[in-house]
Structure formats: C-alpha cells, structure tokens
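All chains are named by letter (A, B, ...) in the order of the sequence lines, taking the proteins before the strands, and each is independently numbered beginning at 1.
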Amino acid sequence: MTTDQPCLVIVCGPTAVGKTRAAITLAKELNCEIISADARQFYSELKIGTAPPSSSELKQIRHHLIGHLSVKDPYNIGIYEKDALLILDRLFRSSRFAVVVGGSGLYLHALCHGLDLLPEHDQQVREEINRLFQSSGVTALQEKLKVLDHDYYEKVDLSNPARLIRAIEVSLISGKPYSSFRKQAPQTRPFRIIKTGLDLPREELYRRIDRRVDEMIWNGLLEEARSMLPFRSFNALNTVGYKEFFEYFDGKLSLEEAIILIKQHTRNYAKRQLTWFRRDNEITWFHPEDVSGILKLVTRHS
RNA sequence: GGUAUCGUGGCCGAGUGGCUAGGCAGAGGUCUGCAAAACCUCGUACAGCGGUUCGACUCCGCUCGAUACCU
C-alpha cells in the first residue's frame with residue numbers, strides 16, 4: 001500500500017514501559033522528529049516526576065510539546081490538538097514521517113481523530129457549577145443536568161461529578177444541550193496514522209515502575225515537589241509523585257508512606273492507561289525493545 | 001515453666017449466637033477541553049480440632065501461633 005500522504009507513527013503504552021527510548025530509536029531510523037502526547041510533560045517545572053526525555057535524549061532528536069508550558073499556564077486538550085496539528089503540518093513539509101509518543105489516551109485520540117467543536121471554556125460558569133457541587137453535592141448536579149440535557153443524563157455515569165460538571169458547563173455556556181455537540185464523527189487528517197503500542201508482562205511493568213520511582217527519588221523528586229508547593233492548587237500538580245509529597249509536607253504521611261503511595265498510584269495509572277489503549281483495535285502491540293518490528297509495520301503501510 | 005491478652009480474606013480493620021461492615025492493594029471497565037484526572041464493577045474471611053446449641057465467626061475445652069509480664 002503506497003500513498004503520497006505523510007505518515008504519523010503513534011507510540012503509546014503505559015507509563016514506564018519504555019516509550020521514550022523506543023520513540024527515539026524509531027525517529028532516528030525514520031529520520032524525523034517527535035511530538036509528545038503526555039499531558040504532564042508539557043510543564044517545564046516538572047522535570048523529574050514526569051520522566052520526560054533527558055537532556056541528552058533531547059539532543060539526539062528534536063522533541064515538540066515538552067516543557068513548553070508552566071504549571072501556571074491554563075491549557076487543555078483543545079489547544080493541544082491545535083498545537084500538535086500545527087507542528088505536524090510544519091514537520092511534514094520536510095519529512096514523510098513524524099512520531100508521536102505519549103501515554104495520555106484522550107490526547108492521542110484528539111490528535112488522531114479530533115474532538116467535536118465545543119464552546120470556549122468559561123471560568124466563571126465553571127466556578128459557579130463547582131460551588132453548586134460543593135454546597136449541594138452530586139444530586140444537585142444530576143438534577144441540573146436532567147433539565148439541561150436529558151439525553152446525556154440518561155447515558156452518563158451519574159456518580160461522576162467531573163462528567164456532570166462538564167456537561168452542565170457546556171450546556172450553560174452555549175444554551176444548547178451538551179449532547180447536541182457530541183457528533184463523535186472522526187475527522188480525517190491530511191496524513192496516514194499508524195498506531196503502535198508498547199507493553200510488557202504486568203509483573204515486569206510494575207517492577208519497572210517501582211525502580212523508576214526510586215530513581216526519581218535519587219534524582220531529587222522530593223526537592224522538586226517542595227519547590228512546587230506554592231502551586232499545589234494548580235491542576236498540573238494534581239499528579240502522581242507530587243500530591244503524595246504534598247501530603248508528606250503536610251505531615252499527613254511519612255516519607256516512606258509517601259514513596260510507597262507514589263509507586264502504587266503509578267501502577268494504578270498504568271493499569272488505567274492499558275484499559276484505555278486495549279479497546280483501540282487500531283493499535284498493533286510490540287515489546288518495547290522491538291523497534292525493528294515497528295519499522296517493518298511502518299514500511300509495510302507507507 | 002506460669003499468668004494474661006489476642007489470633008477475621010494479600011494487608012489494615014469493625015462486628016454480632018442466626019440478618020454476608022468498611023478501607024487499601026489486586027483484577028476488570030467507563031472515558032470528547034482539569035485526563036498522571038474523575039468515576040463504576042468484582043472478594044461469604046473469621047487459626048486448627050472437638051463440644052454446647054435448632055443454629056457458632058461469635059459461648060466452652062484442648063491444640064497451635066503471636067505478644068506482654070512473671071519465674
């Protein structure tokens with residue numbers, strides 16, 4: 001199968017599986033650059049706890065959308081979609097290939113298939129709904145949604161405040177039910193997409209996670225977290241490896257407990273990532289060392 | 001050796017003579033602008049052996065184990 005369209009190679013998988021290394025090897029072979037799809041590596045202050053590529057790795061291959069934000073910056077998936085597409089457009093002018101690597105499933109989805117167009121986020125509306133939730137709980141959200149968007153009310157997970165708040169927010173801002181925006185029609189992109197996923201036996205993955213957390217501690221994660229203390233209320237810091245240390249600083253956890261929890265929460269996260277990726281049957285799975293396998297797949301399809 | 005207390009699912013932990021606490025871990029799942037987020041589902045375990053009882057995880061005895069104190 002040949003085509004004159006450029007080709008985007010996705011490398012996804014759970015945290016700590018070895019995506020960064022595989023992506024760099026792959027990009028070298030394809031002689032192309034890398035875009036990150038990792039919603040926490042965007043933040044320049046989070047250098048240790050989010051395991052971004054090292055400075056020597058960054059020198060080997062040009063990376064995009066890593067450390068391009070401050071934890072104080074507002075950002076969301078809609079902006080990410082635009083940012084990434086813009087960069088891709090530029091990259092494809094000089095290369096037939098680009099690699100996107102990351103573990104944020106929703107972000108990869110946005111990049112590959114697009115999100116429905118939704119009204120602009122409005123901080124005031126959001127805060128108003130948050131206040132309602134705080135004062136009157138989920139039931140209040142449920143009732144509000146029932147009125148604003150009965151269709152969505154019927155199928156949404158009613159015990160998940162995050163979903164309810166989002167739906168109410170969109171409905172309120174636009175004056176139309178949230179579900180009326182949800183076309184869920186995949187966009188066509190001006191490039192071909194090859195999705196690959198990396199995985200390891202669960203035990204081995206969990207061992208790698210434990211080991212990597214220990215390395216982060218050696219490398220000064222505790223101090224990095226301490227320096228983020230003034231920003232703990234920002235969403236970017238609602239992140240494994242930081243929130244546990246915040247509790248340690250608060251005296252709610254011992255250092256040992258915090259470290260154990262960071263490991264546990266990272267494992268929980270990896271499992272959720274796998275749940276997300278598993279249902280995407282466009283993904284071809286590889287061992288993290290098997291970059292040549294990925295290359296074969298790419299040459300066969302491009 | 002003696003005395004006392006205790007022994008609940010991988011871990012923590014409540015409890016009652018009959019009505020399967022709960023939390024964590026683990027597994028599976030949901031997912032459209034906070035996503036390393038948020039949320040859902042899943043475990044009949046009471047140390048062992050006897051006895052009392054219509055019925056014991058809960059009462060009694062013994063055995064084993066743990067802990068504390070005494071000698």
Side-chain angles (χ1 to χ4, degrees), chain A residues 12-16 19 36-43 46 48-52 69 71-84 102-123 125-127 129-130 133 138 141-142 152 155-167 169-170 173-174 178-187 202-203 205-206 209 212-213 216 221 225 233-245 253 257 260-280:
Chain A
C12 68
T15 190
K19 295 187 294 297
S36 168
D38 186 306
R40 285 296 184 270
Q41 292 181 2
F42 299 155
Y43 301 102
L46 311 184
I48 298 170
T50 63
L69 297 175
V71 294
K72 290 168 275 184
D73 293 334
Y75 199 70
N76 64 50
I77 192 165
I79 313 175
Y80 171 80
E81 184 185 345
K82 280 188 208 120
D83 284 350
S104 305
L106 184 61
Y107 282 66
L108 285 165
H109 173 81
L111 178 53
C112 294
H113 310 294
L115 298 173
D116 291 316
L117 237 60
L118 295 174
E120 277 301 307
H121 168 83
D122 184 324
Q123 193 57 34
V125 175
R126 169 64 62 93
E127 275 165 20
I129 304 167
N130 277 335
F133 176 46
V138 226
L141 296 178
Q142 293 168 352
Y152 194 64
K155 60 182 162 196
V156 73
D157 174 4
L158 286 171
S159 50
N160 191 336
R163 298 264 162 74
L164 303 179
I165 288 172
R166 176 63 184 153
E169 179 189 29
V170 172
I173 293 172
S174 65
Y178 174 57
S179 52
S180 69
F181 294 95
R182 288 166 49 90
K183 308 272 182 261
Q184 295 177 287
Q187 321 252 320
R202 194 65 62 94
E203 300 264 307
L205 180 65
Y206 285 0
I209 287 171
R212 195 176 69 177
V213 171
M216 286 176 177
L221 179 59
S233 62
F234 287 91
N235 179 60
L237 273 314
N238 185 194
T239 300
V240 177
Y242 298 88
K243 51 186 176 186
E244 294 82 1
F245 276 151
L253 294 176
E257 286 168 335
I260 287 168
L261 279 178
I262 291 173
K263 291 175 179 174
Q264 280 181 356
H265 292 159
T266 308
R267 293 195 290 264
N268 298 159
Y269 170 52
K271 183 171 168 296
R272 269 177 276 131
Q273 288 176 299
L274 284 165
T275 300
W276 178 288
F277 293 129
R278 244 190 316 244
R279 71 168 178 177
D280 184 347

Does [N] have its OP1 or OP2 closer than 4.0 Å to a side-chain nitrogen or oxygen of [X]?
| X | N | answer |
| --- | --- | --- |
| Arg166(A) | A38(B) | no |
| Tyr206(A) | A27(B) | yes |
| Arg202(A) | G28(B) | yes |
| Thr266(A) | A36(B) | no |
| Asn268(A) | G26(B) | yes |
| Arg267(A) | G26(B) | yes |
| Tyr178(A) | G33(B) | yes |
| Arg163(A) | U30(B) | no |
| Asn235(A) | A37(B) | no |
| Lys155(A) | U30(B) | no |
| Arg40(A) | A35(B) | yes |

What integer number of Å spans the [atom1] atoms of [N] and [M]?
| N | M | atom1 | value |
| --- | --- | --- | --- |
| A68(B) | G15(B) | C1' | 25 Å |
| G55(B) | G2(B) | C1' | 38 Å |
| A4(B) | U41(B) | C1' | 46 Å |
| U8(B) | U58(B) | C1' | 11 Å |
| G48(B) | G65(B) | C1' | 11 Å |
| G18(B) | U52(B) | C1' | 16 Å |
| C39(B) | G13(B) | P | 26 Å |
| A56(B) | A47(B) | P | 15 Å |

>> Ignoring hydrogens and geometry beyond distance, is the side chain of Lys271(A) in donor-acceptor contact with the base of G26(B) at under 3.5 Å?
In response: no
>> Give me the atom names and distance for the closest heavy-atom approach of Val240(A) to Ile262(A).
In response: CG1-O, 3.6 Å
Between [N] atom [atom2] and [X] atom [atom1], what is the distance in whole Å?
| X | N | atom1 | atom2 | value |
| --- | --- | --- | --- | --- |
| Phe133(A) | A37(B) | CZ | P | 17 Å |
| Leu69(A) | A36(B) | CG | P | 14 Å |
| Ile129(A) | C34(B) | CD1 | C1' | 13 Å |
| Leu274(A) | G28(B) | CG | C1' | 12 Å |
| Ile260(A) | C11(B) | CD1 | P | 16 Å |
| Phe245(A) | A36(B) | CZ | P | 20 Å |
| Leu261(A) | G26(B) | CG | C1' | 15 Å |
| Glu244(A) | A37(B) | CD | C1' | 13 Å |

>> Is it the case that atom CD in Glu120(A) sees more than 12 heavy atoms from other parts of the structure closer than 6.0 Å?
In response: no
>> Tell me whether Glu203(A) at atom CD has more than 12 heavy atoms from other residues, nucleotides or ligands lying less than 6.0 Å away.
In response: no
>> Ring-plane angle category for Tyr107(A) and Phe42(A), please: parallel below 30°, perpendicular beyond 60°, tilted otherwise.
In response: tilted
Nearest-neighbour nucleotide for the [X] side chain, [options] considered:
| X | options | value |
| --- | --- | --- |
| Asn238(A) | G33(B), A37(B), A35(B) | A37(B) |
| Ser104(A) | A36(B), C39(B), A37(B) | A36(B) |
| Ala39(A) | A38(B), A36(B), G33(B) | A36(B) |
| Trp276(A) | C34(B), A35(B), A37(B) | A35(B) |
| Tyr269(A) | A36(B), C40(B), C34(B) | A36(B) |
| Leu118(A) | A38(B), A35(B), G33(B) | G33(B) |

> Counting any heavy atom closer than 4.0 Å, what does Tyr242(A) reach on the DNA or RNA strands: base, sugar-phosphate only, or nothing?
Replying inline: nothing
>> Heavy atoms only, 4.0 Å cut-off, all strands: where does Gly49(A) land among base, sugar-phosphate and nothing?
In response: base
>> Could you measure the distance from the CG atom of Leu69(A) to the OH atom of Tyr80(A)? Nearest 0.5 Å is fine.
In response: 11.5 Å
> Quick one: CD on Glu169(A) to CG on Asp122(A), what's the gap to the nearest 0.5 Å?
Replying inline: 7.5 Å
Using modelled atom types only, decide if a donor and an acceptor are shared between the side chain of [X] and the backbone of [Y] within a distance under 3.5 Å.
| X | Y | result |
| --- | --- | --- |
| Lys183(A) | Ser180(A) | yes |
| Tyr178(A) | Arg166(A) | no |
| Gln273(A) | Thr15(A) | yes |
| Lys243(A) | Leu237(A) | no |
| Ser104(A) | Ala39(A) | yes |

>> Nearest heavy atom decides the nucleotide; on that basis, is Pro161(A) or Gln41(A) closer to the 5' end of RNA chain B?
In response: Gln41(A)
> Relative to the 5' end of RNA chain B, which residue comes earlier, Thr275(A) or Leu117(A), by the nucleotide with the nearest heavy atom?
Replying inline: Thr275(A)
> Given Watson-Crick or G-U pairs with both distances under 3.5 Å, what dot-bracket string fits RNA chain B, with | for other-strand pairs and [ ] for crossing?
Replying inline: (((((((..(((.....[...))).(((((.......)))))....(((((..]....)))))))))))).
>> With the 90 degree cut-off around zero defining syn, does G33(B) come out syn or anti?
In response: syn
